[in-house]
Novice: 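My questions all concern the structure below.
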Amino acid sequence: MSKFEGLGLDARLIQAIDALGFENPTPIQEQAIPVLLQGTKDLVGLAQTGTGKTAAFGLPILQLIDPNQRFPQALVVCPTRELCLQIVNDIESFKKFIVGMRVLAVYGGASIGLQIKELKNGIQIVVATPGRLIDLIERKAINLQQISYVVLDEADEMLNMGFQDDIEFILQNTPKRESTWLFSATMPPEIKRVSRKYMNNPFEITVGKVNTANRNIDHQYYVTAAHHRYETLKRIIDFNPGIYGIVFTRTKVDAQNIAEKLTREGYEIDALHGDLTQQQRDKVMGEFRERSLQLLIATDVAARGIDIQGITHVINYELPDDVEIYTHRCGRTGRAGNTGICLSIVHLREVGKLRQIERMVQAKFHKLEIPDGKDVCRKQFFHFMERLLQADISHGYYETYVSMLEEKFAEVGKEEVLKRVAALEFDRFLKYYENAEDLNIRERVKSFGTESAGRGRASSNLPAHNGRGFRQRTGNNDFMKLFVNLGTKDGFYKASFLQFILDMSDLRKDVLGRIDMKELNSWIEIERNSANQMIRSIDGKNYKGRRIRMNEANGR
Ligand code: AMP
């Protein structure tokens with residue numbers, strides 16, 4: 001008997017769990033599932049995200065409700081659309097072997113008409129954000145009369161977002177509620193009040209300690225001057241070539257500014273904040289999920305509820321004021337037993353605040369040196385060598401060229417060939433970092449070379465990184481192709497070329513599509529309505545004494 005069977009789950013669910021590859025229940029599943037399967041017991045689960053709480057409530061719901069009754073029997077309320085979709089996604093995979101069971105996500109920002117139509121089709125489980133749910137209740141488009149189970153997920157987030165009245169309204173409008181299950185990462189007094197008012201002697205489970213960050217997360221911090229924050233961020237990114245993470249900023253403006261700067265410097269990143277339309281947000285999230293983006297630069301509100309496996313780093317560009325926000329940010333990494341790093345860039349005056357957070361999350365924070373230019377180069381170099389060794393040549397395309405290569409390089413030793421390959425990838429990068437400033441704050445600041453040389457380099461516009469491909473267009477905007485008589489022979493590689501044309505034309509990276517560089521010329525895909533601005537700003541200008549020609553490409 002599997003450990004999941006021992007919890008009382010039936011064969012259809014065990015089959016789904018096997019298909020998902022879950023071997024052992026997580027602690028919250030172990031404790032909650034047998035209680036929730038009784039169907040009559042209220043529950044308060046103090047659990048961080050990433051502890052497996054969705055299965056802890058999702059599996060019992062599926063076992064308790066009747067798929068033959070085609071009306072809503074279970075309601076899950078959660079703070080964001082993102083989380084709604086994740087929960088539905090999880091439940092979909094848990095219910096794979098239950099015939100006739102339907103689950104629907106209802107959230108703001110999407111067509112309410114469509115959601116109303118779906119609801120009429122006989123849905124047993126509704127996963128909703130509070131605002132949209134109230135809207136549907138007021139339109140009498142949803143019937144909560146027969147709801148037996150209500151789950152409040154990330155309840156503290158919902159209260160932080162001002163949904164307290166809405167939640168109370170929802171609880172008051174589910175008269176046949178047999179049990180209420182509340183999950184929250186923290187237990188502020190308002191949650192205690194809601195639980196006292198609407199729940200009956202709830203069974204309490206705490207996974208980890210209150211406010212305690214996940215033990216799989218390593219907390220690190222770097223101390224730098226406030227005006228070196230951005231450069232420090234860049235250095236951290238360059239020092240971690242395989243990084244896949246979220247950088248948190250305090251404001252939308254910061255998120256946007258940092259994203260724009262990094263984009264200009266050739267990083268695979270994008271911003272996620274509240275000013276984006278739903279469509280833009282979906283696009284960014286999609287690209288991040290499929291890893292065409294290495295980093296999201298996000299505000300706290302916009303990044304709520306993101307559950308993406310494999311996030312290696314959460315970076316606090318600035319410390320949040322509130323320890324709960326710190327805990328939530330960190331909860332994006334170290335999920336489902338994986339390890340993760342939560343690092344903060346702080347200046348001297350913030351060290352006190354950091355200590356406070358350290359005490360409250362009850363985990364040791366490690367101070368690290370901001371890597372110097374040499375460290376970064378070495379790290380990048382190793383990464384490059386790995387990529388070189390792992391390049392797939394099994395398709396045999398290059399076999400036909402072997403004799404040509406041998407002839408061409410007959411006089412050149414292996415070592416020299418390797419150096420030349422490295423030079424192609426690395427020259428600009430090495431130059432950028434060769435005199436890089438020491439960004440650590442020390443008692444006596446010591447920099448390589450002169451202070452002004454260091455600063456000049458730090459703020460120069462040289463690209464940071466090599467080896468990054470550029471993002472492919474996924475939208476369906478109207479694009480056209482431009483020709484320009486600049487290429488690799490002019491000393492450009494893709495990132496520096498991109499930066500050059502964006503700087504010259506004062507356009508943003510997201511107007512561009514694919515860039516195709518050859519030795520002498522390049523072709524640029526660009527949104528049709530930005531093309532003129534680019535041509536106007538670049539065509540006829542000089543580059544290294546040569547006149548640049550840029551025009552609409554024909555037939556390429
Ligand atoms: P949650 O806390 O519900 O957001 O779950 C975090 C992640 O852990 C999700 O991606 C789940 O698919 C995964 N997960 C949940 N339960 C288990 C389990 N028992 N074994 C392995 N992974 C799990």
Side-chain angles (χ1 to χ4, degrees), residues 220-243 245-251 253-271 294-298 313-319 341-351 354 367-381 383 426 428-468 495-496 498-500 502-503 509:
Q220 308 177 346
Y221 66 100
Y222 295 92
V223 186
T224 191
H227 65 277
H228 277 154
R229 248 186 238 282
Y230 176 74
E231 190 60 22
T232 302
L233 171 66
K234 240 175 79 170
R235 196 137 338 152
I236 292 166
I237 300 171
D238 286 339
F239 189 66
N240 293 283
I243 197 168
I246 307 180
V247 179
F248 282 96
T249 63
R250 286 158 74 108
T251 65
V253 176
D254 280 349
Q256 191 61 42
N257 286 344
I258 295 166
E260 276 173 24
K261 269 165 120 176
L262 288 172
T263 304
R264 276 168 181 264
E265 301 194 62
Y267 292 85
E268 294 296 340
I269 61 103
D270 214 331
Q294 263 192 305
L295 290 170
L296 281 184
I297 319 295
H313 289 71
V314 164
I315 300 179
N316 297 298
Y317 187 73
E318 277 179 87
L319 281 179
I341 292 172
C342 183
L343 65 84
S344 307
I345 303 173
V346 299
H347 63 77
L348 271 181
R349 279 203 312 277
E350 287 172 316
V351 173
L354 191 97
K367 178 169 186 276
L368 297 189
E369 288 267 302
I370 303 168
D372 66 18
K374 284 204 185 72
D375 295 333
V376 175
C377 288
R378 205 176 308 118
K379 197 76 180 279
Q380 284 287 337
F381 204 80
H383 185 64
F426 269 96
R428 278 177 171 265
F429 188 68
L430 289 178
K431 272 191 202 122
Y432 180 65
Y433 271 116
E434 72 183 344
N435 290 318
E437 190 173 359
D438 180 0
L439 299 173
N440 292 287
I441 291 273
R442 304 171 197 286
E443 275 165 292
R444 244 183 292 143
V445 179
K446 198 168 174 288
S447 55
F448 302 110
T450 64
E451 178 79 6
S452 61
R455 269 190 219 290
R457 204 156 277 285
S459 57
S460 84
N461 281 328
L462 268 174
H465 217 293
N466 57 359
R468 290 194 171 90
S496 58
L498 177 88
Q499 191 189 343
F500 173 77
L502 291 177
D503 278 348
K509 187 188 164 196

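Each residue takes its place number in the sequence, starting with 1. Values reported hereafter were calculated over all heavy atoms of this structure, with side chains retained and with hydrogens, waters and symmetry mates removed.
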Novice: If I take atom NE2 from residue His347 and atom CG from residue Leu354, how far apart are they, to the nearest 0.5 angstrom?
Specialist: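 Spacing of NE2 (His347) from CG (Leu354) equals 11.5 Å.
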
Novice: Of Ile243, Leu295, Ile246, which is the lone residue that meets side-chain contact (heavy atoms from CB on, under 4.5 Å) with His313?
Specialist: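 Of Ile243, Leu295, Ile246, side-chain contact (heavy atoms from CB on, under 4.5 Å) with His313 is met by Ile243 alone.
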
Novice: Quick one: closest heavy-atom pair of Asn316 and Cys342, and the distance?
Specialist: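 Nearest heavy atoms, Asn316 then Cys342: ND2-SG, 3.8 Å.
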
Novice: Please report the shortest heavy-atom distance between Gly373 and Ala436, naming the atom on each side.
Specialist: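 For Gly373 and Ala436, the tightest heavy-atom pair comes out as CA-CB, 4.1 Å.
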
Novice: So which heavy atom on Leu430 is nearest to which on Cys377, and how close?
Specialist: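 It is CD2-SG, 3.5 Å.
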
Novice: For Val376 and Tyr433, which heavy atoms make the closest approach, and how far apart are they?
Specialist: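 What the structure gives for the nearest pair is CG1-CE1, 3.7 Å.
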
Novice: Hey, could you give me the CG/CD distance between Asn240 and Gln380, rounded to the nearest 0.5 Å?
Specialist: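 Here the interatomic distance stands at 9.5 Å.
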
Novice: What distance separates Leu343 CG from Ile236 CD1, expressed to the nearest 0.5 Å?
Specialist: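 Going from CG on Leu343 over to CD1 on Ile236, the span is 5.0 Å.
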
Novice: Start with the C-alpha distance between Leu233 and Leu262, add both sets of side-chain angles, then the distance that settles side chain to side chain contact (heavy atoms under 4.5 Å, CB included), and finish with yes or no.
Specialist: CA-CA 10 Å; Leu233 171 66; Leu262 288 172; 4.1 Å; yes

Novice: Do the non-hydrogen side-chain atoms of Asp254 and Glu318 ever get within less than 4.5 Å of each other?
Specialist: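 When only atoms from C-beta onward are counted, Glu318 and Asp254 do touch, with a gap below 4.5 Å.
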
Novice: Is the backbone N or O of Asp438 less than 3.5 Å from a side-chain atom of Asp372, with the two atoms forming a donor-acceptor pair by type?
Specialist: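 Flag not set: sc Asp372 to bb Asp438 has no pair under 3.5 Å.
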
Novice: So, Arg229 side chain and Ile345 main chain: donor-acceptor pair closer than 3.5 Å or not?
Specialist: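 A pair under 3.5 Å: yes.
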
Novice: Without swapping roles, check the side chain of Ser344 against the backbone of Leu319 for a donor-acceptor pair under 3.5 Å.
Specialist: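 No; judged by distance alone, with no hydrogens or angles, the pair does not exist.
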
Novice: Is it true that a side-chain atom of Tyr317 and a backbone atom of Arg250 form a donor plus acceptor pair closer than 3.5 Å?
Specialist: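 No.
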
Novice: If you take all heavy atoms of Ala255 and Ala271, which pair is closest and at what distance?
Specialist: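 Taking Ala255 first and Ala271 second, the nearest heavy atoms are O-CB, 4.1 Å.
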
Novice: To the nearest 0.5 angstrom, please state how far the CD atom of Glu265 sits from the CG atom of Leu502.
Specialist: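 Output value for this atom pair is 11.5 Å.
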
Novice: Quick one: pull up CG in Leu439 and CD in Glu231 and give me the separation to the nearest 0.5 Å.
Specialist: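 Interatomic distance, Leu439 CG to Glu231 CD, rounded to 0.5 Å: 6.0 Å.
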
Novice: With rounding to the nearest 0.5 angstrom, report the CZ to CZ distance, Phe239 to Arg378.
Specialist: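 Interatomic distance, Phe239 CZ to Arg378 CZ, rounded to 0.5 Å: 8.5 Å.
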
Novice: Is the shortest side-chain N to carboxylate O distance from Arg235 to Asp238 below 4.0 Å?
Specialist: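 No, no charged N to carboxylate O under 4.0 Å.
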
Novice: Does some side-chain heavy atom of Thr263 sit less than 4.5 Å from a side-chain heavy atom of Asp270?
Specialist: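 SC-SC contact between Asp270 and Thr263 ruled out.
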
Novice: Measure from the side-chain N and O atoms of Gln294 to the backbone N and O of Pro241, and report whether any donor-acceptor pair falls under 3.5 Å.
Specialist: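 Yes.
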
